[in-house]
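Below is one structure, written out as structure tokens; the observations come after it.
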Amino acid sequence: TEDTIVGVDSRHVLVHDPRSGADAPAQSSVRRFRVTPDAALDPDERGSQAALFECLGNEALEWVLQGFNATVIAHGEAGSGKTYSLFGPNGVLGRSFEQQALCGRMLETLYGLMTPSSPLSLSVSCWEVRHSGVADLLAPGEGAAPSAAADFAAVHAPSLQDALQLVALGLSRSLNW
């Protein structure tokens with residue numbers, strides 16, 4: 001099987017589309033995503049969870065609220081702080097906004113904007129890129145299942161607590177957590 005991430009440069013990530021056949025030419029089987037690294041946060045100066053949310057989370061939320069998809073990808077070497085930046089040192093449950101990492105802060109902000117008459121409806125998907133492909137961390141059953149992107153579970157989360165519990169379930173099934 002081909003690797004999921006085909007290439008990375010300073011402006012793009014090339015990802016193999018698992019829906020394309022093995023014989024498909026690269027022009028139709030590789031998707032190109034533009035990345036915009038806007039900042040590097042120094043942990044000694046302003047590298048707090050609040051600074052990360054201000055720098056990255058607010059911009060992603062603006063796109064979502066305008067009706068676009070937004071994806072935050074943490075990429076780097078093992079032990080470089082990807083999981084800490086996204087979820088914090090102890091997961092997402094039972095924490096105040098100030099204690100949350102990027103994922104929890106973004107979810108809490110989104111749910112804070114929802115009202116009973118709001119047209120917003122949120123679903124949660126959790127997946128991780130592994131050397132052998134992509135795993136759906138919310139697939140029905142006991143553990144994460146290797147899956148094609150089109151088959152990923154998107155679980156409706158009517159409340160913030162529901163969304164945080166789904167993220168916690170995904171983290172419990174992660175090989176990296």
Side-chain angles (χ1 to χ4, degrees), residues 1-38 49 52-53 56-57 59-61 63-64 67-93 100-107 110-111 121-158 160 162-177:
T1 338
E2 287 187 57
D3 289 336
T4 302
I5 297 181
V6 176
V8 178
D9 65 28
S10 63
R11 294 185 167 263
H12 299 92
V13 175
L14 303 176
V15 179
H16 179 261
D17 187 340
R19 297 171 292 185
S20 62
D23 297 334
Q27 299 94 316
S28 62
S29 66
V30 174
R31 308 230 350 161
R32 182 173 143 168
F33 295 93
R34 183 169 185 218
V35 292
T36 54
D38 291 333
Q49 297 291 5
L52 180 63
F53 178 71
L56 179 65
E59 184 176 350
L61 286 174
W63 281 100
V64 168
F68 295 96
N69 291 328
T71 301
V72 175
I73 297 174
H75 179 349
E77 295 180 18
S80 62
K82 300 175 298 293
T83 302
Y84 179 85
S85 296
L86 291 174
F87 307 109
N90 299 310
V92 295
L93 295 175
Q100 287 285 4
L102 185 63
C103 182
R105 287 172 185 255
M106 290 178 72
L107 286 170
L110 276 173
Y111 280 96
S121 173
L122 298 176
S123 294
V124 174
S125 287
C126 293
W127 51 274
E128 69 183 1
V129 177
R130 297 179 177 165
H131 292 289
S132 59
V134 181
D136 183 348
L137 301 177
L138 296 181
E142 292 298 311
S147 181
D151 299 331
F152 285 166
V155 182
H156 180 66
L160 172 62
D162 292 328
L164 292 174
Q165 287 176 342
L166 287 167
V167 171
L169 174 62
L171 288 172
S172 73
R173 294 178 170 181
S174 169
L175 296 180
N176 298 313
W177 179 248

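Here, residue 1 is the first one in the sequence, and each next residue gets the next number.
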Give me the atom names and distance for the closest heavy-atom approach of [X] to [Y].
X: A157; Y: V124; answer: CB-CG2, 4.0 Å
X: V72; Y: A60; answer: CG2-CB, 4.4 Å
X: L175; Y: E128; answer: N-OE2, 3.0 Å
X: G88; Y: A101; answer: N-CB, 3.2 Å

Is [X] reaching over with its side chain to a backbone N or O of [Y], donor-acceptor style, under 3.5 angstrom?
X: S174; Y: L171; value: no
X: R173; Y: A135; value: no
X: Q49; Y: Y84; value: yes

About how many Å separate [atom2] of [Y] and [atom1] of [X], when rounded to the nearest 0.5 Å?
X: L102; Y: S85; atom1: CG; atom2: OG; answer: 8.0 Å
X: L107; Y: L160; atom1: CG; atom2: CG; answer: 6.5 Å
X: Q165; Y: L93; atom1: CD; atom2: CG; answer: 6.5 Å

**Prompt:** Side chains of C126 and L166: closer than 4.5 Å at any heavy-atom pair?
**Reply:** no
**Item:** Full working for side-chain contact (heavy atoms from CB on, under 4.5 Å) between D162 and Y111
**Value:** CA-CA 11 Å; D162 292 328; Y111 280 96; 5.8 Å; no
